[in-house]
K.L.:
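Input: one structure, supplied below.
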Amino acid sequence: MFQCLEPERNEETGPVYVRERGKLSVVGSHVSELRTPCRLFSKGFSVELCGKQEDTSRHRQKPFIFTYTKEGSLRYSAKSLFTLTLDLITDNIHYVDSLMGFPDQIAEKLFTAAEAKHKFFTPCNGVMALRKFTEAYGDLVLSSLCLRGRYLLISERLEEIKSFQCLRSLDLSCCKLGDEHELLEHLSSDPMSSLTELYLKDNCFSDTGIRKMTASLRVLGKGLDALKVLDLSSNPGITDRGVLFLFGFKLLQFLDLSDTSIQDRSRTVKKIETKIGLVLSKKPIIQFEHRNCRTQGWAEQLLDQWENYIFSAIKPKDTLKSRKAAQQFYGKETKQNHLDSGICTLLTPVEQKQTHLQFFRPEEQKDSDSSKSDKRQRSTKRTGADPGQEDCTIAPATKRPRVTLTAADWDLLNSY
């Protein structure tokens, strides 16, 4: 075979190599096996690739997706233009000036993508990005926030929690905040004017804290004027003098002052009935059992991620575990640490309520109050007065017209 191909070989084509049975040979050559193949470069030759320096710590996502067919073969499919654009905006969310005017469906997908990439974890850029969402979409980001007993989350993520606007329900029970906490002053600000339910049970509040919380409402007529449910139970620092600061809540329907330091009970009950119109309840009220209070909104999973990150940072080291094992081996009794189970609880003695002071508004007064509020709205429309002065429950973020996408719009986005 080699002799037949020998005359056809030309100098322009060069030698022809053939590999047979793992051996390399040249067609028509007398040496059937090449022991030392020729080198393309010298032995000391090296190549250095110089390219644009990028952030190697961040994983670079490829513009295609790996999927499998029914037969089991691997298939490469390119990402849609909408997905690529969404990833680009998510990676640079801290450069976005405003999200006003974006449709709600796209904003939810953008928030989920930013949450998956941990864009809300950094101290500075995370707060700025979260505020852009809350300013544009308000209660869609978070409408109800339950922080019952989660005092570590409040201390570590205070600025992020203060950025949530248009909340309708807020539960801060068993957090031991005290009268000097920043959240107490934040409750009387304009972003919290939409609150209708506020639970402040067991927070070491006194008359000073109640005075600070209601100062804006009593002096300027702004703040928590839309509040309907207020829980101040298990705060021994609240006395008869602190109850006087609660008379500014004209729309209040349920009030809990159980287990406080109120001395003259009968006189306090009469004052609350005449000033606010609430009647003492003989039975426990369902609204104060905290059954339906939970976190609702786009940021529901974000709060769980923050809390898990905090618990993972404060878990004891392996040396502490080995020390506990040694103490158990030698028969020494050790106290159980709550951080091992991932549950953070306050060590407070369980005491029974000494006083039961829960108030509610009768149904007749509820109907009369609703008719009065309707008349006020009609009068403001006729006189042309500023509705923002009469009704402070409307937050600035809810005034903007929200843009929604139809099914045809989604089909057009998916077609790219």
Side-chain angles (χ1 to χ4, degrees), residues 49 51-145 157 159-161 163-166 294-309 312 397-398 400-416:
L49 298 177
K52 184 179 179 181
Q53 296 182 358
E54 296 182 355
D55 188 7
T56 57
S57 62
R58 184 176 60 183
H59 179 69
R60 185 177 180 182
Q61 295 184 355
K62 297 181 179 180
F64 47 83
I65 306 173
F66 301 97
T67 56
Y68 289 92
T69 60
K70 296 180 179 179
E71 292 78 10
S73 60
L74 187 63
R75 180 177 62 185
Y76 301 92
S77 58
K79 290 184 179 181
S80 62
L81 181 60
F82 174 72
T83 305
L84 294 175
T85 307
L86 196 68
D87 293 339
L88 179 63
I89 299 176
T90 305
D91 294 334
N92 303 277
I93 190 64
H94 54 280
Y95 293 116
V96 177
D97 293 334
S98 176
L99 293 173
M100 302 290 286
F102 276 81
D104 299 341
Q105 297 94 329
I106 296 181
E108 185 178 2
K109 292 181 177 294
L110 184 62
F111 188 89
T112 305
E115 179 185 352
K117 294 183 178 182
H118 300 281
K119 292 296 181 180
F120 304 117
F121 275 75
T122 56
C124 184
N125 294 333
V127 177
M128 293 175 58
L130 190 59
R131 286 176 180 173
K132 292 170 186 176
F133 281 97
T134 55
E135 290 174 359
Y137 302 99
D139 58 342
L140 291 179
V141 180
L142 212 61
S143 60
S144 177
L145 179 58
R157 297 288 176 178
E159 295 299 327
E160 288 85 348
I161 292 173
S163 64
F164 293 119
Q165 301 180 5
C166 301
R294 61 188 183 91
T295 304
Q296 295 179 352
W298 298 346
E300 180 179 355
Q301 299 296 329
L302 181 61
L303 293 170
D304 296 335
Q305 290 182 5
W306 287 342
E307 194 168 23
N308 293 333
Y309 178 78
S312 63
T398 57
R400 68 171 187 87
R402 289 178 177 173
V403 183
T404 57
L405 295 180
T406 59
D409 297 334
W410 281 110
D411 294 338
L412 180 62
L413 282 175
N414 295 327
S415 64
Y416 287 102

K.L.:
Going from CG on N92 to NZ on K119, what distance comes out if it is rounded to the nearest 0.5 angstrom?
P.N.:
7.0 Å
K.L.:
Verify side-chain contact (heavy atoms from CB on, under 4.5 Å) between F82 and I106, making sure each step is shown before the conclusion.
P.N.:
CA-CA 10 Å; F82 174 72; I106 296 181; 4.3 Å; yes
K.L.:
So, using side chain to side chain contact (heavy atoms under 4.5 Å, CB included) as the criterion, who are the partners of S144 when residues are at least two apart?
P.N.:
S169, Q296
K.L.:
Ignoring hydrogens and angles, tell me if any N or O in the side chain of T122 forms a donor-acceptor pair with the backbone of C124 under 3.5 Å.
P.N.:
no
K.L.:
Could you measure the distance from the OG atom of S312 to the CD atom of E307? Nearest 0.5 Å is fine.
P.N.:
11.0 Å
K.L.:
Give a yes or no on whether the backbone of L99 and the side-chain of Y137 come within a donor-acceptor separation of less than 3.5 Å.
P.N.:
yes
K.L.:
With rounding to the nearest 0.5 Å, note down the distance linking CG in L88 to CG in L84.
P.N.:
9.0 Å
K.L.:
About how many Å separate OG1 of T85 and CG of L110, when rounded to the nearest 0.5 Å?
P.N.:
11.0 Å
K.L.:
Identify the two heavy atoms, one from R157 and one from Y309, that lie closest to each other, and give their separation to 0.1 Å.
P.N.:
NH2-CD2, 4.3 Å
K.L.:
Minimum heavy-atom separation for E115 to W298, with atom names?
P.N.:
OE1-O, 4.0 Å
K.L.:
Keeping S143 on the side-chain end and G297 on the backbone end, is there a donor-acceptor pair under 3.5 Å?
P.N.:
no
K.L.:
If you compare all heavy atoms of D91 against all heavy atoms of K117, which two are closest, and at what distance to 0.1 Å?
P.N.:
OD1-NZ, 2.9 Å
K.L.:
State, with a plain yes or no, whether a side-chain heavy atom of L145 is found less than 4.5 Å away from one of L303.
P.N.:
yes
K.L.:
What distance do Q301 atom CD and T295 atom OG1 have between them, rounded to the nearest 0.5 Å?
P.N.:
10.0 Å
K.L.:
Ring centroids only, cut at 6.0 angstrom: are F133 and F164 within range, meaning strictly under it?
P.N.:
no
K.L.:
Taking the six-membered ring where the residue is Trp, are the ring centres of W306 and F120 under 6.0 Å apart?
P.N.:
no
K.L.:
Grab the two heavy atoms, one from T134 and one from S163, that are nearest each other, plus how far apart they are.
P.N.:
OG1-O, 3.1 Å
K.L.:
Could you go through residues 125-132 and list every donor-acceptor pair under 3.5 Å that involves a side-chain atom there, pairing it with any protein atom two or more places apart or in another chain?
P.N.:
unit_1 : atom_1 : unit_2 : atom_2 : d
K132   : NZ     : I93    : O      : 3.3
K132   : NZ     : H94    : O      : 3.2
K132   : NZ     : V96    : O      : 2.4

K.L.:
Got a second to check how far E300's CD is from R294's CZ, nearest 0.5 Å?
P.N.:
6.5 Å
K.L.:
Quick check: do L302 and E160 have side-chain heavy atoms less than 4.5 Å from each other?
P.N.:
no
